[in-house]
Structure formats: C-alpha cells, structure tokens
Amino acid sequence: MEQILFRHNKPERCVTFAEYKSEGGFAALKKALAGMSPDEVQQAVMDSGIRGRGGAGFPTGKKWSFVPRNLTGPRWLICNCDEMEPGTYKDRILLEANPYSLIEGMVLACYAIGVRHSFIFIRRGYEQAATNLRRAIAEATAEGLLGENILGSGFSCDIDVHVSAGRYICGEETALMNALEGKRANPRAKPPFPAIKGLWGGPTVVNNVESLANVPYIIAQGAQWFKETAATPEAAGMKLFCVSGHVANPACFELPLGMSLGEIIDGPCGGMRPGSSFKACLPGGASTPYFTADHWGVPMDFDPVAKAGSRLGTGGIVVFDQQTCMVAATLNLVRFYARESCGWCTPCREGLPFVVHTLEQIESGNGSEEHIAILKEHVKYLNYAFCALAPGAMGPVDGLLKHFEDEILEHIKTGNCPCRN
Amino acid sequence: MIPTELKTKLQSRVSAAITNREAAVDVMKALQAHYGWLTDEAVVEAAELLGLSPLQVEELATFYEMIYRRPVGRSVIHVCDSISCWAMGGESLLSHLSGLLGIKPGETTTDGTFTLLPCCCLGNCGEAPAVMIGDTICGRVTVENAAGLIERERNR
Amino acid sequence: MPKLIIDNIAVEVADGVTVLEAAQSVDIPIPHFCWHPALGKAGACRVCAVRMMEGPVKGIQMSCMLPAQDGMVVSTTDPEAVTMRRNVIEWLMINHPHDCPVCDEGGECQLQDYTIAGGHGIRRYDGKKRTHINQDLGPYIQHEMNRCIQCYRCVRFYQEYAGGTDFGVMGSAGRVYFGRFREGQLESPFSGNLVDICPTGVFTDKTARFRARYWDYDMAPSVCPGCSLGCNTTPVARYRELLKSIARRNEAVNSWFICDRGRFANGEVNDPQRPRTPLIDGVESSRNEALKALLFRIAQTEERYGTGSIAIVGSSRLSLEAALLLPTLAELTSSGALCYFASEEESGRTLPLFQLLTAGRSASQRDVRESDCIVVYGCDPLQDAPMLALAIRQAWRNGATVYTVGDGISLPCDVTTVDRLDAVPLSDAKNPVLIRSAADIPDQLATTLHQHDHLKLAVLFPAANSYGASKLALKHLGVSFEQAISSGDIKGVISVEADIPQKLLEGIPFVAALDWRMTETVQAAQIFFPTTAWVEMKGTFINHEGRVQRFNKVMNPGVPIRGLDPAVHPPHIHRTAPPGGEPQPAWQILAAVIEGLGGELITEPFTGEWERLRGLDAECEGVIINDI
C-alpha cells in the first residue's frame, strides 16, 4: 500500500536530513517558491480536499483562506502538537520517525498565508519529538530552507518550538494561543475567530501536525493525486490511524481514508488479541461516541462516521473486548475530562464531576434509574459549555446511553458490575 | 538562589521572547529542573526574571500538570491512567508500582528517590500500559518488568 | 440601532449592546454572575441562557455574549433555556455551602436570589462538597473560598480593571482558587470593590461583619466626602453606627467602583471621642443655652473691639447649604472677614485652578475614561484622588496614551514621561485631558488651555466641596483666614466646619466652632455646636468638575449602641433624643444664629440663583453648574 507520511520511515530510527532530501524531500518547497504564488499553494491545498487531522475535520485550505490578506502587522501559524487526547499518538509516531515533512509543510503554509514567524506547540512528554524538530529546524535553516530569504526567493520564515507543561485544554486552539502567550490556557470567546484575531491579536491559523505534514506531498504530487489515495471517492487522502486496546497488533498505521472499521481491525491490526472478541471501540479518540460491532462496515472517513453517530476525531481507535465494562470505561474517560477542565465555565467545571459521581454510583452498584436521567440531561446540557471540552466528554456517555443502556440497567438491577464479577 | 550561569541563560531566553510572558513556561521548567520542583523561592525568582508578580507566576505554575509546586523525589514516575492504558491493565499496574515502592500515589519514597503520580495520556497508547520515568516513556510495562525499570532508574 | 423582539416585546438598542442588556432595558431580568457592566462579558457562568428563535443565530445561546442584532427573536421562557439556567444553579450549588444563615452576604446574595428564582430546590448530587483553606487578606476583606462560584469577576476586576498583581486565580478544573500567592493584605487601593462585585459571600467587608442584615440596613444614596471627585456611595448604618459603604453607580462619575480610602472611612463618624454636645466654656449645655451664649459673645466682641472684628470662616468640606448662609451671617455680624479657606496655601492652590474651569472645560471621570490622551501634571492621582487613577487606567486600556510631566508619578498603567508640558502632542489628540492638583504656574496652564480648545482639565481639589467654596469665595470677595488676621483687627471667629490651626487662633479672644469632628479649632473654642456628619443629613457638594450632587440622610445622629456601657443603655431617663443625638446640620444651626441676630428665619438655604438645586435628586448623575 502506498504511504505518504510514512514513506521515508526507517526501521527503529528517525530518518536523516540527507535521506529525506535524497528521497524527494523539500522538492515541494522548491517547486512552490520557484513557480507558485501563495494563492496557488492555498488553492492546491483546498483542491486536495484535505480536512484537518486534529479532530474537528475542518478543511485545511478553507481555514487558511479565512485569513485576511490585506491586513498589516504580524500574522501567525501555529502547529498544534499538543496531542493529549487519550488514545491518540499519531503525531508522536510521525515526528519520532520524520520531523522534516512537518517543517517543509509549515514553510509552505507560511508562504501561502504570508507568515513570518510560526510556532510548533508540542506537549510535555514528547521531548524526543521536540528534539527531532529542533534538529530538523537547525538543519533546514543551515541549508537555507528555513529562515531568511529561503532558497533565494525573498520569502523568509522561522519556526519556534514551544514545549508545554501538560494540560489537555492547551490543544483547544484558542486556549493554545493563551498558553503560547504565557497566560492561563483558558479558551477564548469566538468570535473573534483566530483567523481574524488570534495570537497577540493578529490573524492566526492553527493546524494539526498531520494536516501540515501532508502539504508537501499535495504540492509535489498534486491535489488530485492526494485526493485519490483515499479508499472511497468521497474521502480525500490518507490518514494516520493509531490503534490501541485489545487488538493483536496495536500500532499507528497510515491508511486510506474511507477504509472500513472492520478492514482496519482485521487487517493491519491483526484482528482482536487471542481470547478477545470485539465489543466496542472509540473510533476517533476519547471524545467520540462508541462504535459497536454494528458499525463494522462504516467507512472511516469524516462524514460516514458522523452519519453513523460518532466522529472520526483524531483517528485514535481504542478497542474494547467482551470483558470490558462500558460503564467503567466511560467513567475513566469522563474522569479524565473532569480533571482536565480548565475551570472556566460552570457546566464543565461542575457538571463533569457530577457525571463522574453518577457513573461511580452506577459502577459501584449504587445506581438508580434517576442516574440514567441525570446522565441524559448532562449529555444534552453540557453542550452549552464555553468550549468543546465538555461536549466532547459527553461523547462516550452519549454512546454508552445509546448502545449500552442494558449494561447500565444491569448494574442498577443487580447492584453490581456484571463485568467485574 | 540559582547559579549566575542559569540566570543569564534565562534572562536571554526572556529577552528573546516576543513578550516576557511567552517565556514563562520555559523559565518555570528550567527552575524546576534546577531545584527538583518549583519551590516558593523559584516562583519568586521566576517572577523577577519575567517581570511578573509571584502571584502571576503561581497562576501559571498551578495550571499545569507537570509543574510541581510540592517537593517530588529525584525521579517522578508518571503512570498513565487514561483509557488505553486503563483497558490494558493500568489500574493494576499503578497499584503494583505502589506496592513495589511502598508509597501511595501522590507520595514520595522516604529516601526521596521516587514520587508516584497518576497522569493523563502519555501518547504511548499502542504500547499500553505506559509510564514515564523522568523524561523517558516506557511502554508495555508489566508486573514482571516493572521492578527492573525501577531498579534501572534507581541506579542511574 | 438593532431592533429585536424579546419575549414578544419589541426592543431597540444601541449598537454593541448585548441581548442581556437589551432584555434588561425592558425590565426582563436575565440571571447573570460573570457578566458585569463594567467588566464586560466572560461567558463563564452560563446562567444567562436564552433561546434564539429567529435571526442570525439560533438555539440556546448565552445572552451576555451576543450583541443584539436586527431580526433576533429571543425567548427567555423557553423550557430548555429555563432548564439550562436551573442546571447551572444546580451545578453551582453542588459545592456552595448551605451556610446562608451564618453568611454575611445572606439577603444580598445574587446566588441566593437566583437559586430561589431558578427553581433548583432538590439536591440530586449526594457526594462530598469541595472545601478550601481561606487566606487572611488583611483588615478589610474577609475571604471564604468555599462559597466561590468561579465567576471570575474578582480577578477580572482586580487585575484587568484595577491593575493589581497580587491577587488572582490559581489551579485548574474544580480546584481553581482565587487568592494571593501568600496570605497578606491586598495591595490594591481598590480592593474593597471585591466585596461589591462578588455575587456571593466569598469577599465580605470584614469591618462590618455580622453586624446587620440587608433588610435591616439604614441606607440612602450618598456622596463620598473623601476627596473632590464626589464618587457616589451607599453608606450602610444600623443602630446609629455607620457600618460600611458600598459603591453606587454613576456613569458620569465613578462608574461602579470606589476607592478603599473612601470605603473604609467609618471611623470618624463612629468615633467615641466625637463631640456630640453643645459646650459653653467647656461645660455641656443645651442648644438654646449655647445659642444664647453665642449671641451674647458676638455682641460683646463687637462692643469691645468694634465693627469688623469678627471673622466668619467656612471650609471646602462644608456642605453647600451651610456655605450659602455664611454671607448672611457675615453681614449680620458686621464681620471683618468672610473666609472659605483657613490658609493662604489652600486658597492659593484652589482659586487659580478654579478660575481656569470655564464652561465646558472641566473633565469628569467619564471624560477621563473616554480620553485618548491624558497628561498628569504636577499631581499624584493615586494619592490625591485614587479613583481618578482608576479612570486613567481605563483610558489606557482603551488605547489612550498617558503622559506624566516630570518623574516620580506612579500610575496603574504604562506612562510616557516628558519633561515639559509642551512636549505632549496635544494637537494630535481627539479628546485630551490634563490632570492637575496645584497651580504654581497657572499662566503656563492658561496658555496651554488657550492653545488647545479641546483640552479638558481635571483639577484635583483638596476637599469635597472645594468647588462650591471657591465659587462663593470669589463671589463674595472672601479672603483666607490667614490673610484676614494679618491686619490684627480680628478678635472673634465663628468657625463652621473649618480646620483652623491653633497657631492662627493665638491672640483671638473669642472662638466659636461648629463641627462634627474633634479638631484643633473645636478644642480652642469657647462655644461649640455639634453638627451632623454627611451621612446624618441631607446635603450637597459640588465636585471637582462643578457637578452638584445631592446626598441623602442615611442615619440619625447618636452614640452608636455598640460600645455603650450597659449601665447607661438602655437609658433610664425619659428623653426625646437618643444619647448623643444633639448634632444638627450646620446650616440649621446657622439659620438659628441668623434668626437670633435679627435676620429672617431661613427654612430653605437654596434661594435666588441657587433655587433650582432645591429638588435635586440624589440618584441622578448630578448637574453641572458653571453659569451661577
């Protein structure tokens, strides 16, 4: 199978600068700076159909196009590498194997949007990836591929690496901008949207690592080629799926968008681990409603997954086998979100602990039917929180109520966890 | 008091920043690396370096999971408690490590070597359950190999 | 001017007004905690949910975050919106202690009100409540973090609005904590506003703790006498004790806030040493006896030393009502001097600046807040009139440039220091304001004002009614008392709330004093009349810009019940006035003296050109006078 982001990968080590260049790396940058206008680069990205790989799936080229072209003053590009959504580790795998695609993609994005200074906001714990990126930045700068007057084109841009200190909310794009500015990472009100008023008040684009790393290949090989690497005509491009949980071979794979869930699990994942059978999975990270065996054939692409009642999210597939208690799994997920709330708005700060408490009561055998009503109410009303954290946290609860209400009722009826005993 | 060399280094980091605040996390982390944790003294020093008040540094320091405002051991063992590791036995790993070290989560061994902390997803879900010892992430940690990892870190 | 419909009522509001404010404008109250008119939107509490039925946005929305737009149809009664608001209250009440009976905020607590109004009554959460350790924040503010509902108003006021750096928010998620790095007194000179803006009982006024409930308060609209700005307040009293002051909104003056100096200034009113009984040669007497003695000694002095031997002395802290009667008294006593200032120094730093305040020239606090260029020249606003420093900060936050002429002035904002006034690019500014407290070089100032028609002037005068005193001094050709005695002819003084230093009274055989404070002048007086403090009377001050403001009577004068010896309280003898209840407004005592001297009985001090001030409402923005 063709690989895009993983095509330069070397076994057990990071690709070198020389290898990356000799295998066609930075050709896209040369092509763009030699013969393409910024608008043409943006148009190519738009034509490729690539949708943001960080979770929300917003078309990348469209996001760029929101930045007003005629404003004076600095504008910014931020690469969001605050990959802290449980079950998601694709960006780390990518950057530990190859930091150069991202660097090249960022320079192309800066060129398209007219950015002089860009940032990579990287989470705590990804120190190896940060080291790789710093090295790659130094190498690229030394070769004139980054910094002043890149390749003699007159275009200049820098990349700074900012390593965070650990908080999931920093991955929310407006919270990320506050974090980068050295403020408490509370999300900001929208509008104004970052493309108009973002980092230090300037127009700002925030893109995921994987989205940006794909840009060089779109430019080098064409938007149409990129689009067609997907498994279905509706999908566009390849996607990093990082799989964890009870499969035989949990790892990160680059697969065509639109492959079905079953094909992914039975194919590269090697099926379920011995003794396990599939019960459910989170299809796209910790904030997505569960898929069950009924969803085996759903094409893993943004719209089909949404149509099936969940979200493709980050592509982090967490698989649970028949022994997993879905109440306990959901409790674990909501506990994470309750702890990672920034504390700004009431529904998130107070509502999530309420949900945790309610799930604890059910899981410990002290549940009642009223608890189900409380959960349902929270699934609805946490949507009116300030940012997407609390609604995301309710994704799995929504899935639990939709697909596993019997399991909840069994907890309540027997006063026990049926999976534990 | 931080050594002059570190102070100079951090001063240049601050002056290279777009705004002083932008360097806040880097300064706090450097002082934490120096003291082992972000001591009260370090908060005051960070404030001086950044041109902020100690309270304004505290506002940031207490926001982040990996800035320690209480003493920790020489090595912090972070045990991921998020969903993938939970599915792969993270809870029993944490209680096993707790037994091995003789401390509860959140505590530090009496010799000051280890602090055991549950933490959120370390981004090593494919190799769950995962722990981070110091800055090193370890995957597929089992009851069998956990003791070895701890010994290796103890003798480091 | 967007037009929208809220609960079937058509509303038209100004651009930029939120849906929440639009609803308020037609008396539809939407609950809110984090939103505050002076602090703006935060979107944190989520209790102002409404449903947008039609228009550019649909569905459940936070009304504080949404600017009103044409075509919006809003429902505040939509069941889902009502449930959302009730849920928010339920979430907040998960951790809020049920300690209303022992909470000082009880009865004036927004959370209490909205909990009742929102219909959350049955507790579904049966887990433990979160608890915090409180901090000692100094002598003025009590901290009770367990009650916190995390609306972030306090930190937004303290850091963003007021520029404080020693108080803020720490932690994250359910662990957020609002406090200081270390225990200790809050450093901001505006810290007391935390008490006013906290929607529940996290910050309460420590000086008035557990003294009274809201429904028992004696309170009325008043004006702070602390400096010449005339910030609006609501003093609160109970059992003849002034307990505390609350900031009162006046958009032209102090907006929503007051300074700590003005707020925590109850001591003088409640002072047990405060003179409360008429005295004749140090002996307590009745009002009538004192009046008789005063009339006798006025006649005696005139007889002994001749016409023109008596000086009538008012002050810049004296209410306008009393100040207006002084010329009549001067006339009837054939006095040699009518004085509104005790010293030459005070007269010298008040009158020249007053004369520069021609029509349209003087700047209000609102003018300062809305200015794009501020020059602080020869004064220290944080010391002289703290609220003006807060107003300067708001201008700076809105993008104004703040200049200080000369070094050494600290302000709660960035400043550009210049060494000369003409180094400030005043011509480039749209609505510049110059701030000044003493005019040692009024000529240069006059020239600058002459050159820049659009330059407004904010003068920091020494006291609450300096403007009124100046106006009367100029009109009646008053001189300072210091100057009046230089001839050696003055042998008697009637001091009306004036602060005449002892040394100026040396060699003057007859001194009478009216005052509510124990001053050097009172101590030197042979005849003394106690007057009411500003909270014990209805009165009027003219603030620094020429704004006439009425203050109403908050409480009856009298010795506070607290601290009374149980042997004398309750009183065992029949009396019509409470103990210590003799003080009267100075103008009423003056009216009695005037009547005693053969003048007409005065029942209304505002006559002639001043008549239009009679009905002035204490709750209006005040009226600017510069044509009287």
Side-chain angles (χ1 to χ4, degrees), chain A residues 74 83-93 117 123-129 160 162-170 179-186 199-200 242-246 249-252 282 285-286 316 318-321 324 328-330 332-333 335-336 339-340 342-343 396, chain B residues 14 16-30 32 38 46 50-52 56-68 78 80-91 117-132 134-137 139-140:
Chain A
E83 186 176 58
M84 291 192 71
E85 173 120 345
T88 308
Y89 58 100
K90 64 188 180 69
D91 296 341
R92 179 178 65 82
I93 297 289
H117 202 108
R123 61 162 288 180
R124 162 85 172 116
Y126 281 18
E127 270 72 12
Q128 184 56 52
D160 261 359
H162 179 103
V163 186
S164 182
R167 269 293 162 232
Y168 172 71
I169 192 63
C170 297
L180 202 51
E181 289 181 17
K183 296 175 183 157
R184 287 167 59 84
N186 298 126
L199 194 63
W200 289 298
C242 43
V243 189
S244 60
H246 302 141
N249 174 29
C252 181
L282 294 162
V318 186
V319 180
F320 304 109
D321 70 4
T324 311
T330 310
N332 174 281
L333 288 161
R335 261 190 195 138
F336 166 85
R339 197 172 62 192
E340 291 302 313
C342 76
Chain B
V14 174
I18 291 173
T19 63
N20 283 5
R21 270 183 175 273
E22 187 222 318
V25 168
D26 284 353
V27 168
M28 290 193 296
K29 286 204 284 199
Q32 173 162 291
L38 197 73
L50 293 162
L52 299 173
Q56 288 170 321
V57 172
E58 185 80 327
E59 288 184 310
L60 299 171
T62 53
F63 191 85
Y64 290 106
E65 184 179 19
M66 303 269 177
I67 299 291
Y68 315 123
H78 284 111
C80 173
D81 66 2
S82 295
I83 190 67
S84 304
C85 290
W86 172 85
M88 299 300 284
E91 279 179 346
L117 291 177
C119 73
C120 53
C121 182
L122 290 166
N124 198 27
C125 319
E127 301 191 5
V131 302
M132 181 165 73
D135 277 348
T136 312
I137 293 186
R140 301 208 168 91

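All values below were derived from every heavy atom in this structure, side-chain atoms included, with hydrogens, water molecules and symmetry-related copies excluded. What you see is a predicted model; the values in this text were computed from it and never measured. Residue numbers start from 1 in every chain, and the chains themselves are labelled A, B, ... in the order their sequence lines are given, proteins ahead of strands.
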*Closest non-hydrogen atom pair, A/Tyr89 against B/Asn124*: CB-N, 4.3 Å
*Select one option (side chain, backbone, both, neither) describing which atoms of A/Ile93 are under 4.5 Å from chain B's heavy atoms.*
neither
*Atom group of A/Glu83 that falls short of 4.5 Å from chain B, counting heavy atoms*: neither
*For B/Ile137, is it the side chain, the backbone, both or neither that has a heavy atom under 4.5 Å from a heavy atom of chain A?*
side chain
*Please examine the side chains of A/Val318 and B/Trp86, heavy atoms only from C-beta on, and report whether any two atoms are closer than 4.5 Å.*
no
_Engaged part of B/Asp81 at the chain A interface, taking heavy atoms whose separation is under 4.5 Å_ = both
_Nearest 0.5 angstrom please: A/Phe336 CZ to B/Cys120 SG, how far?_
5.0 Å
*Please report the closest heavy-atom contact between A/Ser244 and B/Cys125, naming both atoms and the distance.*
CB-O, 3.2 Å
*Determine the minimum heavy-atom distance between A/Glu181 and B/Arg21, stating which atoms define it.*
O-CB, 3.2 Å
*What distance do A/Lys183 atom NZ and B/Thr19 atom OG1 have between them, rounded to the nearest 0.5 Å?*
7.5 Å
*asked:* Below 4.5 Å, heavy-atom pairs only: which of B/Ala87, B/Cys85, B/Cys119 has the largest tally toward chain A?
replied: B/Ala87
*Going through the distances and angles, do B/Phe63 and A/Asn186 end up as a side-chain contact (heavy atoms from CB on, under 4.5 Å)?*
CA-CA 10 Å; B/Phe63 191 85; A/Asn186 298 126; 4.3 Å; yes
*Structural part of A/Thr324 lying under 4.5 Å from a heavy atom of chain B*: side chain
*When rounded to the nearest 0.5 angstrom, what is the spacing between NE2 in A/His162 and CG in B/Asp26?*
6.0 Å
*Worked verdict on B/Tyr64 versus A/Cys170 for side-chain contact (heavy atoms from CB on, under 4.5 Å)*: CA-CA 10 Å; B/Tyr64 290 106; A/Cys170 297; 3.8 Å; yes
*Closest approach of B/Lys29 and A/Val163, non-hydrogen atoms and distance?*
NZ-O, 2.8 Å
*Would you sort out whether B/Leu122 and A/Arg123 count as a side-chain contact (heavy atoms from CB on, under 4.5 Å), showing the intermediate values?*
CA-CA 9 Å; B/Leu122 290 166; A/Arg123 61 162 288 180; 4.3 Å; yes
_Just so I understand: if I count every heavy-atom pair under 4.5 Å between each of A/Lys90, A/Arg335, A/Arg92 and chain B, which residue has the most?_
A/Arg92
*Quick one: closest heavy-atom pair of A/Asn332 and B/Ser82, and the distance?*
OD1-C, 3.6 Å
*Pairs of heavy atoms under 4.5 Å with chain B: top-ranked of A/Ala329, A/Gly316, A/Pro396, A/Ala179*: A/Ala329
_I need the A/Arg124 CZ to B/Met132 CE distance, nearest 0.5 Å._
4.0 Å
_Report which part of A/Tyr126 has an atom under 4.5 Å of a heavy atom belonging to chain B: side chain, backbone, both, or neither._
side chain
*Contacting region of A/Glu85 [heavy-atom separation from chain B under 4.5 Å]*: backbone
*Among A/Gly125, A/Gly182, A/Gly166, A/Gly87, residue most engaged with chain B (heavy-atom pairs, under 4.5 Å)*: A/Gly182
*Does any non-hydrogen side-chain atom of A/Gln128 lie less than 4.5 Å from one of B/Thr136?*
no
*Side chain, backbone, both or neither: which part of B/Cys80 has a heavy atom under 4.5 Å from chain A?*
neither
_Which one wins on heavy-atom pair count under 4.5 Å against chain A: B/Ala17, B/Ser84, B/Ala24, B/Ala128?_
B/Ser84
*Contacting moiety of A/Val243, where chain B heavy atoms sit under 4.5 Å*: backbone
